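Here's the structure we're looking at; comments come further down.
Predicted, not measured: the structure shown is a model, and the values here were computed from it. All chains are named by letter (A, B, ...) in the order of the sequence lines, taking the proteins before the strands, and each is independently numbered beginning at 1.
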Amino acid sequence: MEAAVEAARQGTFFSRNEFLIRRLHSLTGLIPVGAYMCIHLLTNASTLGGPEMFQKNVDLIHSLGPALPIVEWTFIFLPLIFHAVVGVVIIRSGNANLSSYYYVGNVRYTLQRVTAWIALLFIAYHVFHMHGWFHNAWWLENVANNELGGHQFDPHKASSTAAIALASPLKKLFYGIGVISCVYHLANGLWTMGITWGVWTTAAAQRRANWICGAFGIALTVVGLAALVGVTTTDVDKAEAYEKVRHEMNLEEQQRAEAEAKRLKSLSPAEREAEAKAQAEKEAKAAETKAH
Amino acid sequence: MIQANSHDDSAHGSHDHGEHHAPPAQFAVRVLRQDAPGAPSYWERHTITRENDMNVISVLQRIAAQSETADGDKTTPVAWDCNCLEEVCGACTMLVNGKTRQACSALVDKLLAENPEEIELRPMSKFPVVRDLMVNRSRLFRALQKVQAWIPVDGYYDMGSGPRVSPANQEQAYPLSECMSCGCCLEACPQFTKIELKKQEGETDEAFKAREQAAFDRGFVGAHAISQVMLFNNHPTGAMNAPARLEALMAEGGIQDCGNAQNCVAVCPKKIPLTTSIGRAGRATTVHAIKKFFDR
Ligand code: HEM
Ligand code: SF4
Ligand code: SF4
Ligand code: FES
């Protein structure tokens with residue numbers, strides 16, 4: 001009996017460090033996960049600026065080269081996994097009671113949990129859909145790529161592959177719901193964070209903060225959905241043509257690429273087709289001479 | 001009465017109050033009963049004749065006097081707790097029409113205006129039921145013990161008068177001091193979940209209590225205790241023990257379990273600014289944690 005009481009007093013690792021873990025959970029929601037999400041949505045919105053702009057932004061990220069996976073894991077995946085795992089524990093520790101107490105704060109509390117589940121589902125699908133989860137050649141080719149429709153995004157063909165991946169209206173709808181849920185979760189989370197850490201304490205201060213977090217949420221929703229408009233309006237052929245040139249050039253040729261982009265933009269579809277044909281022939285010839 | 005009538009039942013029949021009928025002569029009361037701790041609960045219906053100025057306590061008194069259910073079966077009186085009968089002791093807290101509140105200040109005519117058919121009474125759902133509408137709220141008081149919600153000034157000699165308390169400080173403290181430990185804030189809190197242990201075969205009362213308190217200490221302390229920490233930490237004498245109270249708030253089941261649903265502040269019958277206390281306690285524990293880290 002004494003032992004049972006003693007064991008209850010001792011608790012588990014989670015219970016002994018509950019305060020620290022909960023504060024870390026709160027922090028990781030904003031930094032780095034929330035901050036990353038803002039950058040990510042802003043980058044995606046640049047699809048609106050055409051394939052040149054989006055490709056430039058994607059290249060900038062990929063200029064990290066071999067350091068990219070390390071950066072991704074330390075600043076995105078590990079904090080996100082930590083936040084999600086602890087988040088699930090937190091959700092299970094509570095007991096939603098919206099039907100008895102239908103108050104604004106309680107609706108928001110419940111939505112924070114509902115959007116958490118949607119975010120979990122959406123992010124898991126999204127990372128699979130675009131990247132196939134693991135950058136392992138065998139996995140990508142045999143599992144992710146073919147049968148399940150994953151790994152659709154190619155950073156060298158950013159605009160065109162993104163547009164093709166999201167061509168289906170159903171996928172766009174799912175992405176729209178996912179993005180709005182994540183944004184709500186972040187904006188409302190920002191507000192609750194302010195109470196958790198003691199930034200806004202009085203009712204009046206919390207109301208003021210609510211306006212700011214609300215405005216932030218609306219702005220980020222617009223940015224997030226802008227990316228969906230961006231991929232919808234992307235002309236895949238033009239984007240592919242541009243991306244091809246862009247991919248083959250090196251940094252010294254940057255300026256020439258800019259000019260080429262302008263030129264391609266001004267081409268009519270017929271001219272473009274002719275050019276693509278000539279290009280293909282040229283390539284075939286080059287391959288032939290190489291083979292000899 | 002005449003004045004009220006001239007307001008409600010005047011020419012505008014289609015007004016909001018158009019469907020506001022005279023209170024019924026009789027009404028039904030549905031009570032969720034339970035004969036013993038851990039026993040299954042069951043519903044029992046009663047029919048009560050309406051009288052002027054009834055509250056839920058007087059309804060329960062009528063039920064005891066009638067000792068008969070709506071179907072005419074003999075029954076025992078429904079057990080409930082009450083004391084002050086003026087909403088200052090918190091003892092009579094129960095779920096009236098699904099909402100946590102004090103039975104003594106729940107007026108029958110108002111309840112019938114919301115639902116003329118029936119009044120539903122249930123015991124609080126977050127505390128172990130002793131019998132019928134009586135619950136054991138010892139966890140609520142254990143939480144106050146855990147966070148040391150008092151100022152230790154007892155001693156063998158006169159310590160003289162304490163420091164002066166500024167009017168601004170008094171103004172902040174007074175609302176927090178109104179807490180009557182009713183438990184409404186805990187009942188409505190989605191993060192506060194029921195802890196009910198069963199006494200084991202051959203377990204002494206002391207052993208059971210120790211086991212129960214250990215379990216309570218691991219559960220969420222609740223908004224009332226967080227608010228009391230702010231009350232005593234902001235008092236110039238109480239501030240001497242502020243770090244110990246903050247430590248208690250940062251232990252398992254502490255302030256970190258709050259999910260900011262803000263139901264507590266919405267249901268508190270004393271309108272205590274609980275979420276302000278939670279924000280202030282959040283700030284105090286943040287500062288305390290940083291201090292502790294660098295002062296170690
Ligand atoms: C897009 C990714 C996500 C972002 C940007 C994000 C951000 C945040 C932020 C800023 C908070 C506020 C923390 C606080 O109130 O102190 C929060 C809270 C929360 N998050 Fe996330 N989160 C994300 C994904 C997830 C996922 C996948 C889950 C779990 C399935 C989750 C579960 C939770 C829970 C349960 C809370 C409430 C914590 C509490 O009330 O103490 N989140 N999140
Ligand atoms: S604000 Fe915290 S203490 Fe109050 S009801 Fe919500 S979770 Fe419970
Ligand atoms: S804070 Fe309010 S609701 Fe909670 S116990 Fe005190 S008086 Fe009751
Ligand atoms: S009897 Fe004291 S509050 Fe109802």
Side-chain angles (χ1 to χ4, degrees), chain A residues 1-12 14-27 86 90-113 188-189 191-206 209, chain B residues 95 97-100 125-126 187-194 200 202-204 206-208 210-220 230 247 249-267 273 275-287 289 293:
Chain A
M1 209 57 66
E2 308 259 292
V5 173
E6 203 35 51
R9 288 236 160 79
Q10 292 263 312
T12 58
F14 186 85
S15 65
R16 277 196 307 278
N17 298 288
E18 200 184 46
F19 182 83
L20 187 68
I21 292 171
R22 288 290 295 254
R23 285 297 173 94
L24 272 180
H25 175 259
S26 172
L27 185 68
V86 177
I90 292 171
I91 295 176
R92 294 172 56 99
S93 77
N95 220 337
N97 57 6
L98 202 54
S99 53
S100 313
Y101 302 100
Y102 200 73
Y103 306 129
V104 180
N106 207 17
V107 171
R108 294 172 59 162
Y109 166 91
T110 310
L111 275 180
Q112 184 74 3
R113 272 124 189 96
N188 189 58
W191 182 71
T192 57
M193 252 187 110
I195 307 169
T196 301
W197 292 80
V199 182
W200 30 83
T201 57
T202 64
Q206 288 175 12
Chain B
L95 301 182
N97 286 345
K99 285 232 160 59
T100 178
S125 66
K126 303 286 176 77
E187 176 66 27
C189 172
Q191 292 290 110
F192 190 92
T193 47
K194 186 177 189 169
Q200 284 164 355
E203 193 176 24
T204 63
E206 289 76 24
F208 176 61
R211 197 160 59 87
E212 193 179 49
Q213 292 198 335
F216 288 164
D217 287 348
R218 299 190 58 189
F220 183 29
M230 285 301 102
E247 284 290 324
L249 273 194
M250 292 159 68
E252 184 179 12
I255 188 173
Q256 66 274 9
D257 281 4
C258 167
N260 294 307
Q262 307 211 329
N263 283 357
C264 50
V265 77
V267 298
T275 44
T276 298
S277 287
I278 289 169
R280 291 210 166 103
R283 181 183 292 179
T285 47
T286 302
V287 171
F293 183 77

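- Looking at B/Gln256, the atoms closer than 4.5 Å to chain A (heavy atoms on both sides) sit in the backbone and in the side chain alike.
- Ranked by heavy-atom pairs under 4.5 Å with chain B, the first of A/Asn106, A/Thr110, A/Leu20, A/Leu98 is A/Asn106.
- Within the 4.5 angstrom heavy-atom criterion, no atom of B/Ala281 approaches chain A.
- Between the side chains of B/Thr286 and A/Arg23, at least one donor N or O sits under 3.5 Å from an acceptor N or O.
- Here the side chain of A/Asn97 pairs a donor or acceptor atom with the backbone of B/Ala188 at under 3.5 angstrom.
- Under the side chain to side chain donor-acceptor pair (under 3.5 Å) criterion, B/Ser277 pairs with B/Ser227, not counting sequence neighbours.
- Proximity to chain B is absent for every atom of A/Val104, based on heavy atoms less than 4.5 angstrom apart.
- Contact annotation for B/Thr275: both backbone and side-chain heavy atoms come within less than 4.5 Å of a heavy atom of chain A.
- If you measure heavy-atom distances from B/Asp257 to chain A, the contacts under 4.5 Å come from both the backbone and the side chain.
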A/Tyr101 vs B/Glu187, side-chain contact (heavy atoms from CB on, under 4.5 Å): CA-CA, chis, key distance, verdict: CA-CA 10 Å; A/Tyr101 302 100; B/Glu187 176 66 27; 4.0 Å; yes
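- Salt bridge B/Glu252/B/Arg218: present, at least one basic N to carboxylate O contact under 4.0 Å.
- When heavy atoms are compared at a cutoff of 4.5 Å, A/Gln206 approaches chain B solely by way of its side chain, counted from C-beta outward.
- With sequence neighbours left out, the salt bridge (charged side-chain N to carboxylate O under 4.0 Å, His left out) criterion links B/Lys194 to B/Glu196.
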